[in-house]
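Down below is the structure, laid out as structure tokens.
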Amino acid sequence: LFAPHTITENLIQVIASRQQQTNKAIITMTQYGPFTDKYIRDLHDAGVLGFPSVHRMVRSARFLVERAEMLKALKDE
């Protein structure tokens with residue numbers, strides 16, 4: 001399987017620019033390709049969360065939600 005032709009290396013910079021416009025985490029997944037490690041590293045360097053599997057991506061989202069709930073509870077005390 002290959003990515004659609006509209007997905008290019010420029011997409012990382014597009015995602016990174018969106019990340020800078022919000023205080024919410026953008027979580028991405030790059031999977032099943034010879035460049036997976038490179039793209040995940042490039043995403044990290046650009047300040048975007050990147051994971052090599054759906055499982056790890058969802059786990060990351062769960063931890064972010066739990067962290068937000070803890071911070072809210074501490075703030076409400």
Side-chain angles (χ1 to χ4, degrees):
L1 295 177
F2 295 97
H5 70 281
T6 55
I7 296 179
T8 66
E9 290 192 23
N10 184 48
L11 182 60
I12 292 171
Q13 292 309 314
V14 171
I15 295 169
S17 70
R18 299 288 165 96
Q19 179 65 67
Q20 294 168 358
Q21 298 171 8
T22 182
N23 63 351
K24 302 279 185 181
I26 295 177
I27 305 171
T28 63
M29 183 196 72
T30 303
Q31 186 175 30
Y32 299 125
F35 305 110
T36 297
D37 292 340
K38 177 194 177 314
Y39 290 148
I40 289 174
R41 187 172 36 257
D42 290 347
L43 286 161
H44 174 269
D45 293 346
V48 179
L49 297 172
F51 296 93
S53 70
V54 172
H55 174 77
R56 290 181 64 185
M57 183 179 70
V58 170
R59 194 171 81 186
S60 169
R62 186 187 82 219
F63 288 137
L64 288 173
V65 169
E66 290 175 2
R67 180 178 184 272
E69 290 171 351
M70 288 188 294
L71 291 174
K72 183 180 182 304
L74 290 172
K75 185 178 178 182
D76 292 342
E77 287 183 354

message: Closer than 3.5 angstrom, by distance alone: can the side chain of Q19 be matched with the main-chain N or O of L49 as a donor-acceptor pair?
response: no

Can you tell me how far apart [atom1] ([X]) and [atom2] ([Y]) are? Round to the nearest 0.5 Å.
X: F51; Y: R56; atom1: CZ; atom2: CZ; answer: 7.0 Å
X: L43; Y: I26; atom1: CG; atom2: CD1; answer: 10.0 Å
X: D42; Y: D37; atom1: CG; atom2: CG; answer: 11.0 Å
X: K38; Y: I40; atom1: NZ; atom2: CD1; answer: 12.0 Å
X: H55; Y: R59; atom1: NE2; atom2: CZ; answer: 5.0 Å

- request: State plainly whether one hydrophobic cluster holds both F63 and V65, where clusters connect Ile, Leu, Val, Met, Phe, Trp and Tyr through side-chain heavy atoms under 4.5 angstrom apart.
  value: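 Hydrophobic grouping puts F63 apart from V65.
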
message: Grouping I, L, V, M, F, W and Y whenever their side-chain heavy atoms are under 4.5 Å apart, do F35 and M29 come out in a common cluster?
response: no

CZ/R67: more than 12 non-hydrogen atoms of other groups inside 6.0 Å: no

query: Can you find a pair of side-chain heavy atoms, one from T28 and one from V48, that are under 4.5 Å apart?
result: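 T28 vs V48: side chains touch.
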
Note: R41-D45 ion pair, threshold 4.0 Å (strictly below): no

